Structures are given as C-alpha cells and as structure tokens.
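The structure under discussion appears below in the form of structure tokens.
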Protein chains: 2
Amino acid sequence: MKKLIILGSTGSIGVSTLEVVAACKNRFRVLGLTGNSNLDLLERQIQRFHPEVVVVGNAVDAARLQLKYRRKLQVLYGPAGLITAATWPGADMLVSSLVGALGLEPTLAAIGKGYDIALANKEVLVMAGTIVMAKARQHKVRILPVDSEHSAIWQCLKNEPAKNVSRLILTASGGPFWRLSRQELAKVDVARTLAHPTWNMGRKVTIDSATLLNKGFEVIEAHHLFGIELSKIQIVIHPESIVHSMVEFTDGSVIAQLAIPDMKLPIQYALCHPDRSANELPKLDLPKIGKLTFSKPDFTRFPCLRYAYQAAETGSTMPAVMSAADEIAVQSFLDNKIGFSQISKVIAKVLKKHEVTAKPGLKDILSSTEWARREARKYIARIG
Amino acid sequence: MKKLIILGSTGSIGVSTLEVVAACKNRFRVLGLTGNSNLDLLERQIQRFHPEVVVVGNAVDAARLQLKYRRKLQVLYGPAGLITAATWPGADMLVSSLVGALGLEPTLAAIGKGYDIALANKEVLVMAGTIVMAKARQHKVRILPVDSEHSAIWQCLKNEPAKNVSRLILTASGGPFWRLSRQELAKVDVARTLAHPTWNMGRKVTIDSATLLNKGFEVIEAHHLFGIELSKIQIVIHPESIVHSMVEFTDGSVIAQLAIPDMKLPIQYALCHPDRSANELPKLDLPKIGKLTFSKPDFTRFPCLRYAYQAAETGSTMPAVMSAADEIAVQSFLDNKIGFSQISKVIAKVLKKHEVTAKPGLKDILSSTEWARREARKYIARIG
C-alpha cells in the first residue's frame, strides 16, 4: 500500500484525490490530511480515512479537534504544522494541493525527506522551480504532475528524450471571457468570473483561468517539470477542453492526450503510475462530441499571459513576485475592491518595480513575495 | 548505415521512402529496388541510389536492364526475383511496399532471414497475419508499421503494456464519398473515385479508401500488429485526416497522434525509430486548421467495413479470401466492368461461399485466394 499525505485535502483537488483513493481499494493508506476553514468536511475525511495526523488553520480549532479524537490522531496547526505533516514518518508520496505560496515550504520539506510529490500546487514551481527541481534531483524524488495539462504532457512524452521535443503545446479553454472585447472585460463581475464552463475548481484558480494567468503559470511549471526552454512552450485556445495538451517532436509528429475533463484522471495517473487502473470516469466519445476547435491566444486582451512569459524569461524572483502580486489582486477582485481588468494592471505595476536578485535562495524568494504583496496592496489602495 | 531493400520502389510508398532516404543523408544505403511497369522511374532510382539488385516484372525488361548496367547490378524478374531481392545478403531492413498478395512471400522470406520489416503492404497481415507475426517472433524480427494509422498507434502505445489498452481508435477520412447516399454511391465513376481529398496514394488503395475496405484491412492489421482483440478496435470518421489514430487506455486517457498528412512522416519513423530526426515536412498549426471533426462510421452505406470485421472474426483463410476478391473487384471497377456499389457485392458473394480451413498454412491461404479470384471473376462475368 502506498502511504499518502494530502496537503489541502478539503480543497477541490484534495477532495478528488480522496475520491480516487476510495475508488482504488486497498491501494493507498492516508497518513495525513490538512484543511483550513472547512472543518466539517475535514472531520468527515478523518472519520473515513483515519489519518495519523491532521493540520488545521489555527490553534483553537486544533485544540478542539485534539480533544475530540484524543490519542487516535495528532492535530497540528499553521505553517509549522504543515511542515510536520508533510514530513510525517513512513509516507511514500505527498499530494501537494494547497493553493498559493503556503505549499512551497512543506513541499520542499517532503522532498528533503525523499517523498515523491504529486504536484497540484502551481506556486511551488512558479515561485521556486529551479530550487525545487534541483532538490528533487538531489534526493532522487519524482515530481509527478496532477494538473491536467502537465499530466497530458507527461503521458505524451513517455520515454522520449527531451532532445526529441520541438514544442510543448498547452491547451487552454480560454476561460469564460475568451470572446469578450477589452471594453466588456473591464465590466465583468465576480459571479460571472466564477462560473467556469468546463472545470470545477477553487475560486483562486477560476479567476486565474479567466485572466489566463493560470495558463501562464502552467507554462512556467512545464518549463521546470520537463526541462524544456520557454520559447518551445506554446499555448493554443481549445474551448472544449478535450485535448489536455500536446507534444510536438522534432520530426513533426504531434502526440496529444485527450479525455473528458475530470481532475480524477490526472490525479489517478500521478498516484498509480505506471498503472492505468480501470475506473468509473466517463469515457471519451469523439463522434458524440463532434468537433474540437483551436485558435491562437490573444496576448493583448489577456496581458497576464504576456507577463507570465516575460517574468519567466527574467527568471530569478520575478515569477514568485508575479504570483504574489496575483494572489493579492485576485483576492481584491473577489472582495470587489478592483475590477477584472485591474488584476493584470496590479501585476504589471509590481513586476515593473521589482529588481531581481541573482541566484536567489528560498529566503530571497519568500522576502520578494512579501515585498510584492505589500506593493500590490499599496497600489490597490491607490486605485481601488 | 542501415541497409535497405525496398519492394515496390516505383509505387507511391516506395517513392516516398526514397525521398526519406535522400533527406536522411548518410543514414541509409539502398541494396535493392523493385518496380513493375514504370521502368523509367526505376532507372532514375538505380542511377541515384546504386542498388546491388533490382527486380522487374518480366524477363525481357530484366535482360535489357542487365545488358545496360552489366556487372554493376544484378537484375532479376518476377515472383522468384522478388524473393531473392527480399533476402539479399547484408540488409538490415525490408521496406515491404508492394500492393496486393504479391508481397506476402518475399516479406516472409525476409523475416526468415532476420531482417526487420517496415510494412506498408496491407495484404501481408490481412492475408496471413497469424503466420507472419509468429514467424517474426520466432526470428526476433520487428514488424514496424509504415501506414499512418498504425504508425500513430505505435507512437501512442509507446511502452505501455497491451493489458493497459481498452480501445484502438482508427481514424478514417471517410473517403471521397462519405456524404453520398446509397443511390448516389451506385452511380459514382472511376475518375471521381480516384480523386481522394487528402492522401496521394496508388489506385488500388484509393478505391479501397472509397469503399472503406481499406479501413477494414487496417483493423485486421492493427489486430495482428498490436495483439489487440477485434472488439477493442474501433473506427471514427475524421475527414480532416489530422488525427492519424488513437489509443484509449484502461483509465480512460486517450493518446492521439496528429500531423499534417504526409506518408514521409510514418515512413521516416519506421526507418529511423527511435530517432526523430528533424525534416522539411510542414508542421501542424492547429489554430490555422481551426477545427477537427469526428463522426461514426456507417456500416450500412459502406458494407465493406462490416465484411472486414466479420472476415476477421472468422479468421483462418477468410480475410485472405476477402482481400483476393477485393483485388479482382477493384480491378473490374477500374476497367469499368462493374459499378462502385458492386465491389462490396462481389466481396460479399465470395465470402459467403467460402469454407475456411482449420489452422491454415501458407499454402492453404494462397490456394484459397486463388479460389477467391476465380469465384470473383465468375460472379463479375455474370453481373458485369
């Protein structure tokens, strides 16, 4: 049995991960779970999967849970609790599915412990891809993508050497606003943004999908995960979200991975690889779908895409700064402090002001994200 | 340098193979070429590629060529010549790209000699798949597909075990008559049939594409090549011919291979595998293509598809009989002796009358095809 620790078990990916665990009977044992505000769900998960350790957001919730479960469970809280849980003894794999910067340090700690990482937390590679991949190589740890796009590329690459790759082609649904003009984009509200057409995701990821910055993050992740230079990573808009990404090889042959959109498929692939256990997921029926469409991304209406490539080209602390500025901007949009089109303006402003550090360590990255959050808040206070 | 013998070098696949050989400088040496009626082209190939042996259709042409090239070249003719060329000493690979039953015995002879086979000649596996694959296993010979569909499946399967495969999905352009009614199909003429929309192929293959029997042959080939049962091999109509085929795995993930249609791509993959050398072939631009469409095949308007599955299920000599009856029927259509819709009728008639042999050897297969040709001719004489 493979022993799992799941960071962010009450989030969208965490819930799907536990559904996969439940469906693959006797294959997995859950050692650790973590949740923040949804304690009802976390308790149901505890009662069903019997972890050894759980982490919650604060000391009061931790104490209450500890009193309830007594010696059956170790209850921790906060960032230090996440690191303890991520390195809990006896695990085989960490499912890293927190959202935002919070997941970076626990994920690095688990790598240091030699645990394979099933990675859904984009910020881990966006903020510190170079450090994370180097540490994974050092500890002979595999970083297995859980994202549908990166899982697709992983499946398409199979055992082909990187030298055979001419392009990674990431597909993007385009988000809910793909067809809107710049004027219309300026007017969209939170409710409309959260209504994503094909994927059921958390709020932060849904907003990032609407600005397409999410796709920009994925470009940076793909660059680190597969060791492919940025100029060879392209984006194609594909509203049906059936082709999850593609690899073009040097001979011109393109390999694509397709499936009905469901996060449980890439999660299962990362957890069970190289096995492909049968499951209850709906199977692809292309004649029923009828057609698949493709178009070019628009870097003008969706400037976040451009910023992501630029930040990635600059490298160093720049992608982490972008990610941090985006966290603040998205939260401000959700709080109705700024409009949709101002999300990219906040990011642009902070990126422009940032001066990168040469060969940054983890501390440099974390302090530059703190700086970026402050800058983003200052700018929002001015324009909001 | 890989040493090649190319059967059918003046045909469509043979010509493309030599273009690939010319483009991959210093990678290949051509030991043998064979042509039938297009002697001008064969001579140009001799002068460019300097083979050690060539085979032509008849003794007179052979003698003329032998006198011209003297000791520089061994010139042979007819079926015995093909076998001698296919087993010419010092080769690494036979490119088996004759059309029809003629290629079977030379291909088996090359397998016996231990040469890898780049296989374009459908009839080799349709007629004698069980015998050919068993002999290949015995002699540790690889049968590498040159067909775009089977090359696609080969690339999609990569190193996945057969137990992980739930479906092979062969794409079919649908041919030029995909949208015609049964009444309209009955009236189409030879000129219209030879105008295939996407692939530039020989006449026989073009007619087989229009009846969709070609796709039926490919189902049978895929069954033998990849060891996948017939019930797991499906056909999807895809008029754009960009997705060349797909594999669905047991977890529901579908891997597809895409490219601008050009036979030089699968030929190069078979010749150079596992290398993927850069080439001058046009690269896929999905946003430019815009959309890919898919629909179900119609087994009523295109009964040859149904006959192919039925013949394959029966097995034994039945697929060989189908192939032989088709050769006669297609030739009769090209000679304006029968109409387009009568091709399938000839095949149905001969299949219905055939009694299979248990565990047929090569002789049984060849004699049953002789029988099928006679039956087809008799029936055509009656209805034509």
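All figures in this text were calculated on a predicted structure; none of them were measured in a lab. We name chains A, B, ... by the order of the sequence lines, and we start the count at 1 in each one. Scope of the values below: all heavy atoms of this structure, side chains included, with no hydrogens, waters or symmetry mates.
Ranked by non-hydrogen atom pairs under 4.5 Å with chain B, the options V247(A), L281(A), L286(A) are led by L286(A). Ranked by non-hydrogen atom pairs under 4.5 Å with chain A, the options D275(B), L292(B), N164(B) are led by L292(B). For chain B, the option among Q234(A), Q155(A), E160(A) with the highest count of heavy-atom pairs below 4.5 Å is E160(A). With chain B as partner, the option from K288(A), E280(A), R276(A), K283(A) having the largest number of non-hydrogen pairs under 4.5 angstrom is R276(A). Put simply, of C272(B), S151(B), A152(B), A278(B), the one with the most heavy-atom pairs under 4.5 Å next to chain A is A278(B).
Between H238(A) and F294(A), the ring planes lie parallel to each other; the angle is under 30°, not in the 30° to 60° tilted range. Using cut-offs of 30° and 60° on the angle between ring planes, the pair Y309(B) and F299(B) is tilted.
For L265(B), the part lying under 4.5 angstrom from a heavy atom of chain A is the side chain only. For chain A, the nearby parts of S253(B) are the backbone and the side chain; heavy atoms of each come within less than 4.5 Å. Looking at Q257(A), the atoms closer than 4.5 Å to chain B (heavy atoms on both sides) sit in the backbone and in the side chain alike. Heavy-atom distances place the backbone of P274(A), and not its side chain, under 4.5 Å from chain B.
With K158(B) contributing its side chain and N159(A) its backbone, the two residues share no donor-acceptor pair below 3.5 Å. Using modelled atom types, one side-chain atom of D116(A) and one backbone atom of R142(A) make a donor-acceptor pair closer than 3.5 Å.
Side-chain N/O atoms of Q268(B) and D251(A) include no donor and acceptor closer than 3.5 Å.
Note that the CD1 atom of I260(A) and the CG atom of L284(A) stand 5.0 Å from one another [nearest 0.5 Å].
Remark: H223(A) engages no residue in a ring-ring contact (aromatic ring centres under 6.0 Å, His included) (not counting sequence neighbours).
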